[in-house]
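Along the sequence shown, residues carry numbers from 1.
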Amino acid sequence: MNILKVMLQKEWMENLRTYKVVSLIIVLMIMGIMSPFIAIIMPDVIKGALPEAMKDMKIPKATYIDSYIQFFKNVNQIGLIVLVIMYSGMLVNELNKGTLLNLVTKGLSRKYIILSKWLMSVCIWSIAFLIGGLIHYGYTLYYFSNEGNNKIMAYLMSWLFGVLLLSLILMFSTLIKNNIGVMLSMIVFVIILFIANLKKGISDVSPLYLLQNNTQLMLGEIELSYAIMPIIVTVVLIILSLFVSVIRFNNIEIRN
């Protein structure tokens, strides 16, 4: 445990030094602040964009669900893309620079390198997501209402998909050892998920279910039990990704 603690401290300092902590928190804070604001002004924006002949058309006022739709759309698209870009090199960069050689030659178990990078990236993602989510919830409560079911689970679904992406980044890093290659692999993985999602039986258990049904869960259009299998599948993929990462990393030749 002492070794893991030291490695976590190293990863924390590295994330601070490269401004990943501050950057990710700022991105999620902006999404938390802007989502309710965009929901409020959207009816006026739509009305202003209509042709003169349609100016008298009645545009429905924004409600609480519009704020959540905006937040989850921003996080599930822009937020996750930013997360992947920021952390695509968390292992590859050190492998290419040879900075891990001294640690390994001094007897450090390689599994601690993988675990510390995963735990710290998940921790930072969790902190940023929590701050952004709390800001969004507070502003939504202020401007709209406290309506909606299973709000915590709706937030957690997007958070869990982010954890999956971080786990996959580590796995692809041990397989490809190239920053661009890791990002391309992530893109291919998401494309495969979308293609597989076209089949009904797969779409009901796919990790993408977590990103596509946040607001449906809140509106009561789907039962909470429907999210259980996608969550289980996602957790299994996370565990498998970490297992492959550790096994593969143990067989990588680290050079200076």
With side chains defined as the heavy atoms from C-beta onward, is the minimum distance between [X] and [Y] less than 4.5 Å?
X: V27; Y: S23; result: no
X: S88; Y: V92; result: no
X: I114; Y: R110; result: no
X: L115; Y: L8; result: no
X: N146; Y: K151; result: yes
X: L211; Y: L80; result: yes
X: V82; Y: M86; result: yes
X: N178; Y: V182; result: no

Is there a side chain to side chain contact (heavy atoms under 4.5 Å, CB included) between L193 and S206? Walk through the geometry before answering.
CA-CA 7 Å; L193 280 184; S206 170; 4.0 Å; yes
[X] versus [Y], closest heavy-atom pair with distance:
X: G181; Y: I176; result: O-CD1, 3.6 Å
X: S158; Y: F72; result: OG-CD2, 3.7 Å
X: V122; Y: S126; result: O-OG, 2.6 Å
X: P207; Y: L237; result: CG-CD1, 3.7 Å
X: S241; Y: L168; result: OG-CD2, 3.4 Å

Quick one about [Y] and [X] (side-chain donor to acceptor, distance below 3.5 Å, no hydrogens or angles considered), yes or no?
X: Q212; Y: N197; answer: yes
X: T140; Y: S67; answer: yes
X: E223; Y: S225; answer: no

Can you check side chain to side chain contact (heavy atoms under 4.5 Å, CB included) on M218 and Y64, steps first, answer last?
CA-CA 11 Å; M218 290 182 57; Y64 79 98; 4.2 Å; yes
Let me confirm one number: the [atom1]-[atom2] distance from [X] to [Y], rounded to the nearest 0.5 Å.
X: L119; Y: L242; atom1: CG; atom2: CG; result: 8.5 Å
X: L91; Y: S121; atom1: CG; atom2: OG; result: 11.0 Å
X: L28; Y: F129; atom1: CG; atom2: CZ; result: 7.0 Å
X: E11; Y: L4; atom1: CD; atom2: CG; result: 10.5 Å
X: K117; Y: I169; atom1: NZ; atom2: CD1; result: 12.0 Å
X: Q9; Y: E14; atom1: CD; atom2: CD; result: 14.5 Å

CA sep, side-chain torsions, deciding dist, call: L217, N149, side chain to side chain contact (heavy atoms under 4.5 Å, CB included):
CA-CA 7 Å; L217 181 64; N149 303 313; over 6 Å; no
Taking a hydrophobic cluster as the set of Ile, Leu, Val, Met, Phe, Trp and Tyr residues connected by side-chain heavy atoms closer than 4.5 Å, whether directly or through intermediates, do [X] and [Y] fall within one such cluster?
X: Y19; Y: V21; value: no
X: I152; Y: F161; value: yes
X: V188; Y: F172; value: no
X: V233; Y: I239; value: yes
X: L134; Y: I33; value: no

Can a donor-acceptor pair be found, under 3.5 Å and without considering hydrogens, that links the side chain of [X] to the backbone of [Y]?
X: N15; Y: W12; answer: no
X: S116; Y: I113; answer: yes
X: W125; Y: W159; answer: yes
X: K73; Y: I78; answer: no
X: N74; Y: M31; answer: no
X: D66; Y: A62; answer: no

Heavy atoms from other residues, nucleotides or ligands near CZ of F189 exceed 12 (cutoff 6.0 Å)
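Yes.
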So with a 6.0 Å cut-off around CE of M29, is the heavy-atom count from everything else above 12?
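Check fails, neighbour count at 12 or below.
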Option passing side-chain contact (heavy atoms from CB on, under 4.5 Å) with Q216 (candidates N213, L219, N214)
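Of the listed residues N213, L219, N214, the side-chain contact (heavy atoms from CB on, under 4.5 Å) partner of Q216 is N213.
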Going by the angle between their ring planes, with limits at 30° and 60°, are Y155 and F71 parallel, tilted or perpendicular?
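Judged by the thresholds at 30° and 60°, the geometry between Y155 and F71 is perpendicular.
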Ring geometry between Y143 and Y139 (parallel below 30°, tilted from 30 to 60°, perpendicular above 60°):
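The rings of Y139 and Y143 lie parallel, inter-plane angle below 30°.
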Please report the C-alpha distance between R17 and M13 in whole Å, then the side-chain angles of each, then the deciding distance to 0.1 Å, and finally whether the side chain to side chain contact (heavy atoms under 4.5 Å, CB included) criterion is met.
CA-CA 6 Å; R17 186 181 63 80; M13 294 306 299; over 6 Å; no
Lys/Arg cation over aromatic Y87: K20, 6.0 Å, 45° cone
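Relative to the ring axis of Y87, which defines the angle, K20 lies inside both limits.
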